[in-house]
Amino acid sequence: MFCFVICGAVFVVAAYFYREKIVKGQRCSSCVKLHGKTAIVTGSNTGIGKRTAVDLAKRGARVIMACRSRERGEAAAEDVRRESGSSDVLFAPLDLASLKSVRDFAENFLQSEPRLDLLINNAGLYCGGRTQDGLGMMFGVNHLGHFLLTLLLLPRLKESGRARVVNVSSVAHNWGRVDFDCLSRHRALGRGSSTLDLLRIYSHSKLCNVLFTHELSKRLKGTHVTCYSLHPGAINSEFDRNFSRVLVTLLKPLTSFFFKTPEQGAQTTLHCALQPGIEPLSGRYFSNCTVRNVFSAARDDAAAKKLWELSESMCGLE
Ligand SMILES: NC(=O)c1ccc[n+]([C@@H]2O[C@H](COP(=O)([O-])OP(=O)(O)OC[C@H]3O[C@@H](n4cnc5c(N)ncnc54)[C@H](OP(=O)(O)O)[C@@H]3O)[C@@H](O)[C@H]2O)c1
Ligand SMILES: *[C@@H]1O[C@H](CO)[C@@H](O)[C@H](O)[C@H]1NC(C)=O
Ligand SMILES: *[C@@H]1O[C@H](CO)[C@@H](O)[C@H](O)[C@H]1NC(C)=O
Ligand SMILES: *[C@@H]1O[C@H](CO)[C@@H](O)[C@H](O)[C@H]1NC(C)=O
């Protein structure tokens, strides 16, 4: 009995320690202020995007919350204004599942905003189906929409000096592969709609983010613009909305204990956006506020270039 109590106590203390030290992870330690700077955060009406927007607004940045739903976007912008104490926060409509919407957003932005210092490509989903342009949903939203957005905004980033592009990827990219045959034939990274198929396609789409960042950094050589990709950690957000309900409910006790809060999940994004002196690491991948090495598939120059060229032609950019 005594032994049982001791073991129980040791377990509780160990779990608590694990949660406090390991799960929470490192915090962005930068105290950079952003007065006079402009930031765009995509998919910022909830999750880590919203927490990122609050932090940037607190530091004095003008924050454009680029979200697909006007209703959720306006409500979130109101929350962010209240929580940050800054009134310089606005919603702008952007649906990454429509290349037309991406073009409209960029056109409005370029007409009305004189500068762009931070582009945070945060929006992402795990979901089947097709975009408005008939692309695989995860390829279209997680990769191609952000690809076009970044390219259209690049002139403004370059004009603004030491600007940064931050791409929220995932550790899942390690299991990804880009099947160029499938892309040209089916305009998607994979077929099928089982959970396993969708998880695979999600990993492929996150590999695209890492490859994109790799290629972008090369194309940005000689400018003052730098770019980074990252894994935010495992986070309790709305990200699980299209996972099996049964699974989500069963795992709830574990995930609520061992996953980060969205505020903790935003720290690596903030590190990449704000930490002074990381410019020589442009094109690299971060997690837990630390630069990491990636597997060879994620720094494959030929695949990165091929993906870039295919993406350009799919956006009608050549
Ligand atoms: N949660 C995790 O454990 C985890 C782990 C690794 C990586 N990530 C990555 O972290 C990023 C943020 O995820 P999160 O956990 O904060 O998820 P979340 O709570 O589901 O937030 C995702 C955001 O993306 C937006 N979005 C989805 N489709 C969009 C579209 N077509 N156009 C514009 N915005 C769109 C969503 O808008 P609506 O609310 O309108 O749908 C929402 O604001 C994602 O890129 C995700 O892949 C998350
Ligand atoms: C994150 O970094 C902190 C501080 O270096 C470390 O204590 C923690 O174990 C790390 N967490 C993960 C998940 O790697
Ligand atoms: C990262 O940026 C590239 C191009 O801008 C894009 O293809 C990729 O999907 C982005 N990923 C995310 C979600 O940030
Ligand atoms: C994903 O979940 C959302 C919200 O629960 C739902 O509206 C949408 O139809 C789902 N999409 C798919 C393809 O399952």
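When a ligand or atom number is given, it counts from 1 through the structure's own listing order.
- The residue among Ala234, Gly233, Ser287 with a heavy atom at the shortest distance from atom 5 (C) of ligand 1 is Gly233.
- Nearest residue to atom 1 (N) of ligand 1 from Ile235, Thr255, Val171 is Ile235 (criterion: closest heavy atom).
- A side chain to side chain donor-acceptor pair (under 3.5 Å) with Ser287 is found for exactly one of Gln26, Arg292, His271, namely Arg292.
- For atom 16 (O) of ligand 1, the nearest non-hydrogen atom from the set Val41, Thr42, Ile48 comes from Ile48.
- Ion pair Glu107/Lys100 not flagged as a salt bridge, since none of the NZ, NE, NH1 or NH2 atoms sits closer than 4.0 Å to an Asp/Glu carboxylate oxygen.
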Can you check side chain to side chain contact (heavy atoms under 4.5 Å, CB included) on Ile40 and Glu113, steps first, answer last?
CA-CA 11 Å; Ile40 294 175; Glu113 299 288 336; over 6 Å; no
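- Selection from Asn122, Asn121, Val168, Ile120 by nearest heavy atom to atom 12 (C) of ligand 1 gives Asn122.
- Counting heavy atoms from C-beta on, the side chains of Ile48 and Phe239 never come closer than 4.5 Å.
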May I have every N or O pair linking ligand 4 to the protein at under 3.5 Å, one per line with atom names and distance?
{"residue": "ligand 4", "atom": "2 (O)", "partner": "Asn242", "partner atom": "OD1", "Å": "3.1"}
{"residue": "ligand 4", "atom": "2 (O)", "partner": "Asn242", "partner atom": "ND2", "Å": "2.5"}
{"residue": "ligand 4", "atom": "11 (N)", "partner": "Asn242", "partner atom": "ND2", "Å": "2.8"}
{"residue": "ligand 4", "atom": "14 (O)", "partner": "Asn242", "partner atom": "ND2", "Å": "3.1"}

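- Backbone and side-chain nitrogen or oxygen atoms of Leu96 are examined, and one is located within less than 3.5 angstrom of a nitrogen or oxygen of ligand 1.
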Stepwise salt bridge (charged side-chain N to carboxylate O under 4.0 Å, His left out) test for Lys58 and Asp55:
CA-CA 5 Å; Lys58 274 188 187 159; Asp55 188 288; over 6 Å; no
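- The shortest N or O to N or O distance between Asn288 and ligand 2 is below 3.5 Å.
- The shortest heavy-atom distance from Ser169 to ligand 1 is under 4.0 Å.
- Asn236 and Ser256 make their closest contact through ND2-CA, 3.5 Å (heavy atoms, listed as atom of the first residue, atom of the second, distance).
- The shortest N/O to N/O separation between Pro232 and ligand 1 does not fall below 3.5 Å.
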